[in-house]
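Below: one structure, written as structure tokens.
Count residues from 1 along the sequence.
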Amino acid sequence: MHRKLIRTLFPWLILLPLLILLLYSLTASLRAPISPFPQTKKISASPTCDLFKGQWNRDPNRRPIYDETCSFHRNAWNCLRNQRDNMGSINSWKWVPQTCDLPQIDPFRFLDLMRNRNIGFVGDSLNENFLTSFLCSLRVADLGAKKWKRKGAWKGAYFPNFNVTVAYHRAVLLAKYKWQPKHSASGDQSQSEGVYRVDVDIPADDWANITNFYDVLVFNTGHWWGYDKFPKETPLVFYRAGRPLLPALEMLDGLKLVLKHMVSHIQKEIHSKTIKFWRLQSPRHFYGGEWNQNGSCLFNEPLQESQLDIWFDPSKNGVNKEARTINRLINEAVRDTDIEVLDLTHMSEFRADAHPAIWLGRKDAVAVWGQDCMHWCLPGVPDTWVDILAELISHHLKMG
């Protein structure tokens with residue numbers, strides 16, 4: 001009797017665990033996010049596929065994947081809510097690389113690929129502009145996303161359905177800097193009202209101790225390296241190993257040293273498995289003067305290729321000449337490292353039409369700050385930056 005019972009139960013003892021395993025796999029697949037985005041044939045980003053060379057083509061069917069209701073918007077960049085003219089036109093232009101297909105990000109698939117990983121942006125407000133586009137794009141896949149400002153982050157979000165954090169750490173010079181009033185100024189700057197001390201070999205506290213938290217890091221600096229931010233009455237004074245560098249360095253010489261030391265720090269202190277990017281300059285489009293000299297950007301169409309050098313070639317000495325000069329220094333600094341360059345400059349040079357300009361969400365904003373021809377409308381050009389970054393990150397993760 002006992003043996004007969006065992007023979008009867010034995011097949012079920014084998015079958016039952018298999019049924020449990022099958023049911024678990026079915027419920028897991030049901031829990032996985034189902035993307036509403038259409039499947040597209042994708043050409044993987046690779047050395048033979050340059051996403052940065054191409055042209056803007058009008059695509060009347062192109063639509064942003066988020067709108068003015070995104071909870072991560074910054075008011076001055078929320079051009080839909082601020083009723084900026086021509087937003088339909090601004091977002092109808094599609095970047096078409098010469099040899100590649102660049103699909104719009106699928107936030108469901110991207111977050112699923114990034115599951116249990118984190119992405120950090122470090123730098124100035126143009127990286128915040130970039131991040132805001134990224135957060136609004138990803139939020140489409142996880143409406144339960146929560147604002148996240150831990151570990152010294154200036155802004156960020158946690159996506160609970162995927163256990164992914166994406167955040168921005170504000171460090172405009174990347175290196176540590178602080179105000180020193182006149183009585184502690186040194187050298188030939190002692191007649192100024194004070195100076196900003198920059199320690200070229202010390203990373204800013206905002207990002208010095210957080211790099212192990214992130215699996216992907218995107219760095220930038222550049223927009224604060226100008227005399228409009230640090231006039232000669234309150235200049236930058238550069239220190240190394242705790243001592244002032246004499247004779248005093250000019251602005252771009254100081255930047256060159258900062259880049260050298262920050263790149264060295266990244267190489268030494270950040271794990272080699274961390275995916276590292278350095279975003280090149282986002283071009284400004286001030287016409288007729290600087291931001292504080294009635295410069296404007298009330299354009300209805302992108303610039304033509306033939307106009308770009310007139311606007312941006314440093315030899316033309318135009319208002320917006322600094323981007324290409326700073327890019328040259330950055331490219332020199334990251335050469336022969338594992339930091340990948342995000343060369344978003346050229347593609348963005350065309351888009352004089354896509355800044356907030358006078359639509360800043362406050363009646364007195366233009367009177368106080370002038371037009372904004374530096375940051376970008378959202379939705380807008382940074383959404384294409386996001387498409388490119390998502391492709392490159394996806395390629396790294398699939399290859400790794």
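Taking every heavy atom of both residues into account, Gly194 and Pro235 meet most closely at O-CD, 3.6 Å. Of all heavy-atom pairs between Phe312 and Asn320, the closest is CD2-O, 3.6 Å. When all heavy atoms of Leu249 and Leu257 are compared, the closest pair comes out as CD1-CD1, 3.7 Å. Across every non-hydrogen atom of Phe108 and Phe162, the tightest pair is O-CE2, 4.0 Å. Residues Trp385 and Leu126 share a closest heavy-atom pair of CZ3-O, 4.2 Å. Scanning all heavy atoms of the two residues, the minimum distance from Val381 to Ser348 falls at CG1-OG, 4.0 Å.
The distance between the ring centers of Trp77 and Phe130 does not fall below 6.0 angstrom. The ring of His285 has its center closer than 6.0 angstrom to the ring center of Trp311. Aromatic pair His355/His375: ring centres not closer than 6.0 Å.
Checking Val334, Ile330, Ile326 one by one against Leu280, the side-chain contact (heavy atoms from CB on, under 4.5 Å) holds for a single residue, Ile330. Here the options are Thr337, Ile339, Asp343, the test is side-chain contact (heavy atoms from CB on, under 4.5 Å), and the partner is Val341; only Asp343 passes. Put simply, the residue from Asn129, Thr221, Asn220 that forms a side chain to side chain donor-acceptor pair (under 3.5 Å) with Asp124 is Asn220.
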Practice task
Could you walk me through whether Leu342 and Leu392 pass side-chain contact (heavy atoms from CB on, under 4.5 Å), step by step?
Solution key: CA-CA 10 Å; Leu342 276 179; Leu392 295 175; 3.5 Å; yes
Practice task
Begin with the C-alpha distance, continue with both residues' side-chain angles, and end with the deciding distance and a verdict on side-chain contact (heavy atoms from CB on, under 4.5 Å) for Val237 and Arg197.
Solution key: CA-CA 5 Å; Val237 173; Arg197 168 177 169 163; 5.6 Å; no
Practice task
Any chance you could lay out the side-chain contact (heavy atoms from CB on, under 4.5 Å) test for Thr211 and Thr274, step after step, and finish with the verdict?
Solution key: CA-CA 9 Å; Thr211 49; Thr274 302; over 6 Å; no
Exercise for the section: Carefully, step by step, assess Lys151 and Phe213 under the rule side-chain contact (heavy atoms from CB on, under 4.5 Å). Expected result: CA-CA 9 Å; Lys151 298 184 179 292; Phe213 177 72; 3.4 Å; yes
Problem - Derivation and outcome, salt bridge (charged side-chain N to carboxylate O under 4.0 Å, His left out), residues Lys149 and Asp206 - result: CA-CA 12 Å; Lys149 293 181 70 173; Asp206 308 80; over 6 Å; no
Practice task
For the pair Glu128 and Arg74, evaluate salt bridge (charged side-chain N to carboxylate O under 4.0 Å, His left out) and give the outcome as yes or no after the intermediate values.
Solution key: CA-CA 9 Å; Glu128 183 187 354; Arg74 182 166 167 176; 2.9 Å; yes
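Under the 3.5 Å distance criterion, with hydrogens and angles disregarded, a donor-acceptor pair is assigned to the side chains of Lys155 and Thr132. Defined by atom type and a distance below 3.5 Å, a donor-acceptor pair is missing between the side-chain atoms of Tyr239 and Asp201. Under the 3.5 Å distance criterion, with hydrogens and angles disregarded, a donor-acceptor pair is assigned to the side chains of Tyr66 and Asp383. A side-chain donor-acceptor contact under 3.5 Å links Asn86 and Asn300. Looking only at atom types and distance, the side chain of Arg58 has a donor-acceptor partner in the side chain of Ser89 under 3.5 Å away. A donor atom on one side chain and an acceptor atom on the other are found under 3.5 Å apart for Ser282 and Trp376. Side chains of Tyr214 and His271: a donor-acceptor N/O pair is absent below 3.5 angstrom, by distance only. Arg279 and Asn127 are linked by a side-chain donor-acceptor pair at a separation below 3.5 angstrom, with hydrogens and angles left out of the test. Between Gln55 and Asn57, the side chains place a donor N or O and an acceptor N or O closer than 3.5 Å (distance only, hydrogens not considered).
Using a 4.5 Å heavy-atom cutoff, the side chains of Lys256 and Glu332 are in contact. The closest side-chain heavy-atom distance from Trp291 to Gln371 is not below 4.5 Å. Counting heavy atoms from C-beta outward, Asp353 and Ile90 have side chains that approach closer than 4.5 Å. Between Leu308 and Arg324, the closest side-chain pair of non-hydrogen atoms falls below 4.5 Å. For the pair Pro107/Ile65, a side-chain contact is recorded, criterion being any heavy-atom separation below 4.5 Å from C-beta on. Counting only heavy atoms from C-beta outward, the side chains of Leu173 and Val258 never approach each other to under 4.5 Å. At a threshold of 4.5 Å between non-hydrogen side-chain atoms, the residues Ser125 and Arg170 count as touching. Residues Glu391 and Pro103 form a side-chain contact, since some pair of their non-hydrogen atoms from C-beta on lies under 4.5 Å apart.
With hydrogens and angles ignored, the 3.5 Å screen pairs a side-chain donor or acceptor of Asn327 with a backbone N or O of Gln281. Remark: side-chain polar atoms of Arg84 are not paired, donor with acceptor, to backbone N or O of Arg81 under 3.5 angstrom. With hydrogens and angles ignored, the 3.5 Å screen pairs a side-chain donor or acceptor of Gln104 with a backbone N or O of Arg63.
Geometrically, Lys232 engages Tyr227 in a cation-pi contact, judged by NZ or CZ lying under 6.0 Å from the ring centre and within 45° of the ring axis. Because its NZ or CZ atom is both nearer than 6.0 Å to the ring centre of Trp56 and within 45° of the ring axis, Arg351 counts as a cation-pi partner of that residue. For Lys276 and Phe219, the positive end is not near the middle of the six-membered ring at less than 6.0 Å and at most 45° from its axis.
The line from CD1 of Ile393 to CZ of Arg117 is 10.5 Å long, rounded to the nearest 0.5 Å.
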Solution key, residues 356-370 side-chain donor-acceptor pairs under 3.5 Å, sequence neighbours excluded:
{"residue": "Arg362", "atom": "NE", "partner": "Asp364", "partner atom": "OD1", "Å": "3.1"}
{"residue": "Arg362", "atom": "NH2", "partner": "Asp364", "partner atom": "OD1", "Å": "3.1"}
{"residue": "Arg362", "atom": "NH2", "partner": "Asp364", "partner atom": "OD2", "Å": "3.0"}

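Under the side-chain contact (heavy atoms from CB on, under 4.5 Å) criterion, Ala390 pairs with Ile105, Phe110, not counting sequence neighbours.
Glu290 and Arg284 are joined by a salt bridge, as a carboxylate oxygen and a charged side-chain nitrogen come within less than 4.0 angstrom of each other. Electrostatic pairing of Asp112 and Arg115 counts as a salt bridge here, judged by a charged N lying under 4.0 Å from a carboxylate O.
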